[in-house]
Structures are given as structure tokens and as C-alpha cells.
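Here the structure is a predicted model, which means the values were calculated and not measured. As a basis for the values below, the full set of heavy atoms in this structure was taken, side chains included, without hydrogen atoms, waters or symmetry mates. Every chain is numbered from 1 and lettered A, B, ... according to where its sequence line falls, protein lines coming before strand lines.
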Amino acid sequence: MMSVSELLYEAAILMVVGMVVVFIFLTLLIFATKLLSKFAGQEEAPVNNPVQPSNLNAPAPVIAAISAAIHQYKQNNK
Amino acid sequence: MMSVSELLYEAAILMVVGMVVVFIFLTLLIFATKLLSKFAGQEEAPVNNPVQPSNLNAPAPVIAAISAAIHQYKQNNK
Amino acid sequence: MMSVSELLYEAAILMVVGMVVVFIFLTLLIFATKLLSKFAGQEEAPVNNPVQPSNLNAPAPVIAAISAAIHQYKQNNK
Amino acid sequence: MEGLQTLWASTALANFEIGQIVMMLVGGLLLFLAIKKGFEPLLLLPIGFGAVLANIPLAGFTEPGGVLYYIYYVGIETGVFPLLIFMGVGAMTDFGALIANPRMLFLGAAAQFGIFATLFGAIALNLVPGFDFSLKDASAIAIIGGADGPTAIFLASKLAPDLLGAIAVAAYSYMALVPIIQPPIMKALTTPEERKIKMEQLRQVSKKEKILFPLAVLFLTILFLPAATPLVGMFCLGNLMKESGVVDRLSNTAQNELINIVTIFLGLAVGSKLSADQFLTIETLGILGLGAVAFSIGTGTGVLMAKLMSKFSDKPINPLLGAAGVSAVPMAARVVNKVGLEANPHNFLLMHAMGPNVAGVLGSAVAAGILLALVG
Amino acid sequence: MEGLQTLWASTALANFEIGQIVMMLVGGLLLFLAIKKGFEPLLLLPIGFGAVLANIPLAGFTEPGGVLYYIYYVGIETGVFPLLIFMGVGAMTDFGALIANPRMLFLGAAAQFGIFATLFGAIALNLVPGFDFSLKDASAIAIIGGADGPTAIFLASKLAPDLLGAIAVAAYSYMALVPIIQPPIMKALTTPEERKIKMEQLRQVSKKEKILFPLAVLFLTILFLPAATPLVGMFCLGNLMKESGVVDRLSNTAQNELINIVTIFLGLAVGSKLSADQFLTIETLGILGLGAVAFSIGTGTGVLMAKLMSKFSDKPINPLLGAAGVSAVPMAARVVNKVGLEANPHNFLLMHAMGPNVAGVLGSAVAAGILLALVG
Amino acid sequence: MEGLQTLWASTALANFEIGQIVMMLVGGLLLFLAIKKGFEPLLLLPIGFGAVLANIPLAGFTEPGGVLYYIYYVGIETGVFPLLIFMGVGAMTDFGALIANPRMLFLGAAAQFGIFATLFGAIALNLVPGFDFSLKDASAIAIIGGADGPTAIFLASKLAPDLLGAIAVAAYSYMALVPIIQPPIMKALTTPEERKIKMEQLRQVSKKEKILFPLAVLFLTILFLPAATPLVGMFCLGNLMKESGVVDRLSNTAQNELINIVTIFLGLAVGSKLSADQFLTIETLGILGLGAVAFSIGTGTGVLMAKLMSKFSDKPINPLLGAAGVSAVPMAARVVNKVGLEANPHNFLLMHAMGPNVAGVLGSAVAAGILLALVG
Ligand code: NA
Ligand code: NA
Ligand code: NA
């Protein structure tokens, strides 16, 4: 059983981590969508790979960012 | 295990009770329907109160009302 | 656990029995359909029994044939 | 020789019990009635087909692992399928004629005497050797007189699952036979003059009345007959979805795709209860006989009640309307209309008969609730 | 005397607890809001009706053997019903506006602050005597700010089943109140000049982009947020069925008959959780209050984010669009359009608002995944 | 360092096994074939999507509590879903062409040699190291040659659930490949002169014949092959509902909404069996190879049978019709028509090919029954 102050602290961390991850994720999706449009945006475009893996060019920094956010949370959660 | 005569007696009672209750119930429904028609029968009638809590312009009284209900409930539940 | 050669033998028997039964069954269905058409083929035909049991006139040979096929299989399967 | 016996054993021919053959013929008869005679085909076709499937030796349709087993277990034993049908029927029902003339509820009440008299009759049959109906059995049988399929199936699944097949078959068969059973009784109890009585035109009913009516019905049922609320509640939900006008896509689905899907499954599951050991009994004969009696009595008391009401009413009431009180919507109302037209070619009773007709649906749901409360 | 008491005992009147009566009134209120006020009637009508049925004494709707018990057990406890609804919603969703202007995803992200701030607020409420929300409770409550019914029900069924009734009611009620809650906030945070900003027309999006988009969303979710894949996956399946154009009959069924059937059942099952002991608590008041706060904050941060983006963008962005980021499709987009038209009668923002609107759906599904991963 | 590992662990990236990635690619390939190539998209789209979902690490779709787990458990393990599909297919099937020319049943019989030869072939594959098919496995694989999806899924769920994914994928893939697999075989086994043979017009078939035909099929199946009655029975029920003309609303629902709903679920559930440990085996390669062989043999024996029949018939028979005997309705019949038109631009074989085509459906259901009786 956690005290209210502990809970509040956790909730604050969750708030920060949650928003950070939401933003990172949807930012990634922006890049993916732009990449998608670049390759598939023209109706006349040649047939591309249907499962266009649009983010593979930069997975490391992304994972680092998400990891950092979650890390922060888990750290504070011990 | 009941004897046939006991069963017959029970069935007779059921027959009487059943028909009486059916008639009482549907008679009640006749009154309810007539009442309904009196209040809601005119298409032009002003909006009558079926369950009219006009709460959109004032959320505070609504919460007050729900609070009062819950309060009442908790009181009676102790 | 059967050896591969035993399995192969079984599979061969299954192949023969299976095809024989399929053919017998669908041949029966041909006769049944023809009988059906004879009795119900004319739109003006009188109302016949809707469940026209078209093969009842010769069940014995049919059963004998299917039985023989399955028998063969079971024999070889012991 | 042993080999030949093995072969023989792998076909159904060797495994047929005489009872299964008879039950298949019963299934075939139901299919014939449904397809050729047009008797309640929506139910009797799947019921008949289910009966055929359930009685195939070695096929295991009604054993764990069989498709009919699962359908019965999921939909009938839980009571969910008849309740969903009832919701769909509610979404198809227009209470306008009843709201315009609520006294018609008396006719719906009177016709339920068919139920309760039959309950007594079923118990009385125990005096005949071979019959041994409990009060639960008798109640489930009597509800056939309610002329309402889902109500009968729901009550039978709760009170007498063993008799469910026979009860459902009897209920739907007699509902189909309404045009044959009712007219002689109607004519015997009325004079040609009475049958010619014209009813005055019904008033327009407001949308608000139609919305509030199912809520009022539910309200009264909650207060006085909680045991009837599963049936009445789902019926009123369907009707409210229809009349409220704000959830048309739900209402349309409830009265079309959903009720169709459930009807296929319900029919098959009911058919799966038509097994020889449960159906080929002297009890089934009793059930079929009692069902006919129940319909006849309900028709008769409905007509007599209408005559009684006509005496105490300032405006005359055509006693034929009482026959519609057994429900069997909309068949009974059509029969009333037809018999009325025979007496007077300008007397259209159809709209007026819809009032007692839907009153009969409520009446038998109420009767089912009473039986559940007192016998269940 | 004793006999009279027995009779009395068989009606509901004698068995009503005050809490049941209050919950029936709550159910009646929901029916009123659904039918008379048109508040999310597709859900609030069955929820309200379910609440009435669930609180009938002696009827046993929510006990083993009762129809609502089975529906809840099969559809909500397994999570299947909200996921099927989400699939249907996916089959109804057009991502065209978002693909044409993917930066709108930032607005869908910003509006989720309503969720996480409310999580904090729910925990902070524990400082008030009488409240005792766990992190799971707080997370389930906070998702109301996502303005997405199936997401809220799915998360609540996983994290806080006891609060499911109150959370679902709050979520759908506030979604219905979007036209009342949002405009004051939108106007307070923007100048009339900002509200007049015209957006340039969106480009045509190719069929191939629309087909690949749900796959890209699923792909990213798989990589980084597996916990969100049930929701996002079923949503993307529905959208792929629609956009692929090769399974139109499945897509049509998913967005019509299937979603209708599931909606009826989902509503009844949610209503069945509106029992007095779970709903008539001080926590419910907290949930209703927090839900309103969540919507308001989400609307506000959406608008502020749009203003921020406008500063850094070469083309100006109408900050009203940010309000659509809470989702509540398509209501919030319509509100944006209406408020925009008030400022400039020639400024049609509806199509532009659909971008952040559907981004908000993805945003709250992602937020739900995060909460499941970290709190669940 | 430890912290970083914890983070890493909460994404799917760290938990992917190579097998899961490969299976997702397989799922992606199926989606590609369904959407881009139009290969049996109604099944391959949900199967492919299900395969992707089932292989997401940490998401638990196929574990107790996961949505695909429940769908598989309820619909495939019980056999209910394939049977409902079969009922719907029955409601879509017109036996008119077959009743008019019942000898076409011989073609439907001959084409089943694809099944039984493949059974032998699957066992023979055990001679290759790495393969270890039991008779049950071999039977389930061989049914691919029946060119009938629901029959294959039903049999595989009974005889070899572990191979269900691969078998279903192979069955639907090859059904889609019928226009590529069949023509070379058809041309190799026939002369241009034979392919030009015109068939005389089919006679009109009466409504009564069409009603009695499914009953006759069921009757024979009951007598001689009870093990085939689940498949044949549900098929005949659907066909009877259609042809009887008295339950059109049930028939329409069975062939539209109900089959659509079940198809979505069936596809997802089949896809959920595409897990790496069950699919990424040498057996799968064997299954794919055997499936192609089965189709080819069935096509060949069908054509040869037609040539044989033509010799003993007073009226010549176009041997191309034999290829339609593998079923794959209506694709194979269309292929026959197309190849026929290539030889003679005025020779329309489509209607004639529908006879052996639907005969092939019956043939493979019968074959499945034989395998269930002898091997199951
Ligand atoms: Na009745
Ligand atoms: Na949202
Ligand atoms: Na076939």
C-alpha cells in the first residue's frame, strides 16, 4: 500500500512519461506517414513494397528516447 | 411427491390466482395507459415531464441532486 | 507406431477404398436425382412425398458394395 | 462373417433405432408442413431439419463436440435466444391500436384462461394411466395456450427442459393452425348480427405515448411481477428502440439480421430436443391434445369476454375481436378480419384486432411470469 | 397475517432497496438523455435500459443464469465487445485528412494531456477524505479524457472493472456534451483573429496511401507499444478492410450489422454494472467531476498546441483545430467547424478538423496502451 | 546498464524471436496477395492480419484472455464456424445445372482422386528425412485437394489441429491460383478438337426438384456416410432454406450477414494458428507442395474422366468440364469457360461447368466424411 504522496509522485511521473511517449510515438507516425506519401502518394507511382517499413532508417535514437522516458519512470518507481 | 388430488387442488388454486393476477395486472395497465394518454396524448402538448431534469444549464444542482441521493442511500445503508 | 511401409500400405488401401466409396456414393446420387426428376421434374406433376426415398428399391446390393469396400480396408488394417 | 458385420456397423443402417427413424419422419413431416403447407416456416423448417440431424446415428450432433449441442447449450439453456427473439418481436410491434383503446387489454387477459385451464387439464390427465405431469410440467405445457413461441420456449427451458421439443413444436404448429382452429369456435359463440358490428375508427396515437407505453409496461412489471421482467423487459427494450426513433440502426438490426440469426439457431436447437426417448412418449400425445384445448379455450374465453364487455360498454364491441386476444400475432388478427368480412363485406376489423392481439402477447408474458413465480 | 406477508414478499415492492430505486432513476435519466436530448443514444439507451433491468429485485438479470450476466461475461470480461466495436469504427474511419496533413498528429498527441493530467488529478483526489483511488483506478478514470467509448470500456474492464459502469457512463455522457463543454474553452484560449484563419485546401490522398497507413500504424505499434495492439490492431483491421476495397462485404458487415449487434449487447452489459453498491459511491461523483476536467484540459492543450504549431509553421494554423484532437469523432470536428463559422462565415474547417479528430482516436488508443504497459 | 535493459525489455523489439518476424512477413505476404493480387481476399485478408497479430510479442492475442484465443476456442475448436460458412455456401449454391445433368457427378467424383492420391503422397513423403506425417495428418493435408476451404478447416480441426494454419493457407492460396494451375493441365490432356465440343443446352429444372435435391443428398448421406452429415447436413440446410422459398429472410441472412461475420472471425482464428513453431517447419513446405500436387491431380483425373465418359456417351462431352470437378466454386467453372472460349469463341461452357463444379463440393464433403470415418 502506497501513501498518497508516493502515489502522487508516481502519478506525476506517469503523466510526464505518458505524454513523452505519446508525443514520440505520434511524431514517429508523422515521419512514417510522410515517407509513405513520398513513396505511395502518386496514384501513378510504381508498386512499392506494401509494408513500407518507414522507420527503419532511425530506430536507434527512437528506442533511446522511448527507453529514456520509460527508464525515468521505472527508476522513480522502485 | 403429491397425490393427484393434491396436485389437482394446487392446479385449481393456480388457475384462480393466475387469472386474478393477470386481470389485476392488465387492469392496472389500462389505467396506466389512460393516464399516459391524458398527459402525453396530444401531439401539440407542451413537453411534459417524463423525467425532466433540465440540467444542461446548471451542472452544480445536478451534482447536488446526485449527492443528495447518494447521501440518502449511505444514511439508510449504515 | 507404424513403420513407413505399413503406413504406405494403409494409405494405398485408403486411396482405393476412398475412391470406390466416393464413386458408389455419387453414383447412387445420380440414380436418386434421376428418380427425383422423373417424379418431380414436371412443374405440373402431382404432389409427391417430399422426402422421395429413391434408393429404397435396391439397398441390399449398395450396402454390399460399400460394405465390401470398407471390409477390404478394415481387413488390411488389422 | 465377422468382417461383414464390421462393415455393416460403419453405416447408419445398422445403427438405426426404430425411434430415430420415427423422429426423422417427424422431422420430415415438420419440413413438409413448413415448405408445402407454409406452416410457420421460419421456425418449423429449422426445427424439422434439426430433428432430422439430431437423430442420425453415429453423427453425434447433440453430444459434446456436436454443433447442435453447443447451440442448445449456449442459447437455450441460458435463455438468451428466446429473449433475443422477444426483443426483436418487440421492435416489430406497434402498440398504437392498443394505446388508442386500452380496454382491449381485458380481451388479452381473458384469453389467458386458455393457459390456466390447460394447467388444470394437464394435472387432470394424471388420472389417466401413463401420464405423470408435475406442476412444472403442467405449467410449461399450459403456456402453449399463450400462442407465443419464444415465451413457450423460455418457460419450458426453465421449468421442463425434457418437454421443450414437444412444447415448442406444439406451440408453433397450433399457431400455424390458428386459421383452422379459431373460426368454428368464433362462429359457435357469436350470432351473425354480433359479427356484423362495426367498430368506430381508432384515434391517432402520439409519438410520446408510444415511447412511454413500453416504459409503463416495464414499470408495472417491475413493481408487481419481477419474475416476468426477463420476457417483458427484453420485449419493451425492443419496442422502445423502435418507438424512440433515436436508435433506428439498432432497432433495424434487432428486427432483421439479429432475429434471423437467432431464429436459425433457435430452430435447430429446439429440433435437437426432438429425440425419440423424449418425444416418442405418451406425454407428447397429451401435450399435443392439451395444446389444441388450450388454444380453443383461449379463443372461446376471449370471445365471451368481448361479449360481456359489449354489454357494459356504451359503444358496441364486435365479439370476434376477443379471439385475437390469444396473440399469435398477426395471424389471429387476420382471422378476426376474415370472419368479420364474411359476415359483413364492408367491416374491416384488422386494425381493431391488433389491439387485443398485442395485448395477448403481454398477457401471456405476464402469465409466464406468474407461473415462474409460483411454480418455478 | 402471515399469508398476506407471503404475497407481499413475491412483489418487488417489498424487496426494493433504496439504492436500487436510485439506480433505476439513474437508468431512467440516461434513457431521458438518450431519447429526449439525443445524447449518444446508440449507447446511452441500452446502457440506461440495462441499468433499469439490473436493479430489479428478485429478477436476477446479473446473477448466473441471468441474461445480462452471460452477456457481460462473454463480451466485456473477455474484452471482445469493445474490440469488435473498435474494428467497426475503424471500418468507418477515413484517414485521408490526416494523411494529407500528418502534422495534425501533434494535436491528437497534445489533447491526450487531458488523460494524463486527470490521472494525476484522480490520485490527488485521494487527499479528500472518502476517495481511495489506486493507480489502476486512476488510469481507468483518466481515459475518459480520451473521449473514446470502446477504449474507455476496454481499459476499465482490464484495470478497474468495479468502476466500469461509472466510467462508461461518464465517457459517453461527456462525448454527448462536447458541443457544450468545448466552445467556451476554445473561445477563451483564442482571439477572434486566430479563429478566422483559413486553412489551405488539403491535397488528394492516393488509395495506396490509405491502404498502407493502417499497416504503418500497426507496424509502429507492434514495435514500440505491444500493449496497445489489441485496440490499435482491431482498429487497423477494420480500416484496412475498408480501404483495401477487396472485402467490401466484410467491411460493410463490420460497420453495420456486426457493430449494431455488439452495440446492443455492450450497452446492456455496461448498464448491468450500474448497481447501487458500485455506482452510488462518492467515487462516482469524483469520476464524473474528473471526466469533465479531463475533457476540458484535453480541449485546452489541443488548442494551445495548435497555437504553438502555428508559430513555428510557415503556413498559419487555425488554433480551433486543436480542440478536435480529443477525438469524440465526428462531434468535436463539427464543433470546430461551427465555432470557426461564427468567427468567419466563409471558413469551413470541417475537413481540416477530421485530421486531428482521427489523430485523437489513435492518440487515446496509444495512451491506453501506455497505461496498460505501465500500470496494468 | 540494468535500467537500460529494463526499458529495452518493454518494447517488442527486444522480445522478437526470429520466427515471429518471419511469420509476420508471411502474414504480410498473405495481405499482399489478398489486396494487391486479389487472391481469395475474403479469407486471406483476415488470415494474414490474424497471423500478424498472433505473432506480436507480449501482446498475448492467442493466450487465454486474448481475443484470438477466444475466437479460435469458440468457433474452430467446436467446428461451428466452418459449418456455418458451409450453411451459407449452401444457401448460395444453385444445383440446377447438376440436377439437369446428374452424370456430371462422375466428374465431381473423379476429381476427388486428387485427395486420395495426395494422402498416399503425404505418407510417401515420410521416406524423406524430416517428415513424419501420421495418417490423420496425411488425411487433413490431402483434403486441400478438395478445393474447399471450410471442408479443409473442419477436417483439419478434427484430425490435425497443429497443421490447421498451413492447411487453410494452402487451401485458399491454391483456390486463388486455380486460373494459373489448371489451364496447362487441361490443355495437355485434351486436343483442340475436344476443347471445341459444344454441349447441348440444359433443360429447365423444376422448383420441386430443387427443393427435393438437398433432402435426397442428406438422405443418402445419413444412410451411408453418417460421418459426413455435419458438413453435408449444414450445406443442405442452407440450400433447402434457399430453394424452399418460404424462409427467404433466413436464407438471405445465412448468405450475407451471418457468413460475413463468421468469415471475419474464421479468418482471424485461422491466422492465429500461424505461429512460428507450428508453421515454420519442413512439414509446411511439404503441405504446400502436396497441395499443389493435389490440385493438379484432381484437375487431371477430372478431365480424363470426362474423356472416358464422352466415349461411352451418345452425346459428346467436352472434357474441359472435368476440370470443374475439383470445385473451387465458381472459379474453376470460369476457367473451364475461358479455356473453352479460347478453342472456340462461340462455345460458352459456364453453365455446363456449374454441374461438375457443385458436384465437386459434394464430392469433397463426402471424401471428408470417409476420412473422418476411417481415420478419425
Ligand atoms: Na398470448
Ligand atoms: Na481520443
Ligand atoms: Na471439391
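Heavy atoms of E/Ala110 lying under 4.5 Å from chain A belong to its backbone as well as its side chain. Looking at E/Ala138, there are no atoms closer than 4.5 Å to chain A (heavy atoms on both sides), in backbone or side chain. Only the backbone of E/Phe133 comes within less than 4.5 Å of a heavy atom in chain A; its side chain stays farther off. In this structure, the portions of E/Ile99 lying under 4.5 Å from any heavy atom of chain A include both its backbone and its side chain.
In this structure, the separation between CD1 on E/Ile287 and CD1 on E/Ile141 is 4.0 Å, given to the nearest 0.5 Å.
For the set E/Gln204, E/Met104, E/Gln112, the count of heavy-atom pairs under 4.5 angstrom toward chain A peaks at E/Gln112. Your options are E/Asn126, E/Leu218, E/Val366, and the one with the most heavy-atom pairs under 4.5 Å with chain A is E/Val366.
Between E/Ile211 and the choices E/Lys208, E/Lys207, E/Glu209, the side-chain contact (heavy atoms from CB on, under 4.5 Å) rule is met once, by E/Lys207. Evaluated for a side-chain contact (heavy atoms from CB on, under 4.5 Å) with E/Phe219, the options E/Leu223, E/Leu215, E/Ile222 yield exactly one hit, E/Leu223.
Under the 4.0 Å criterion applied to side-chain N and carboxylate O atoms, E/Lys210 and E/Asp94 are assigned as salt-bridge partners.
In terms of heavy-atom proximity, E/Thr301 sits nearest to E/Ala111 at OG1-CA, 3.8 Å.
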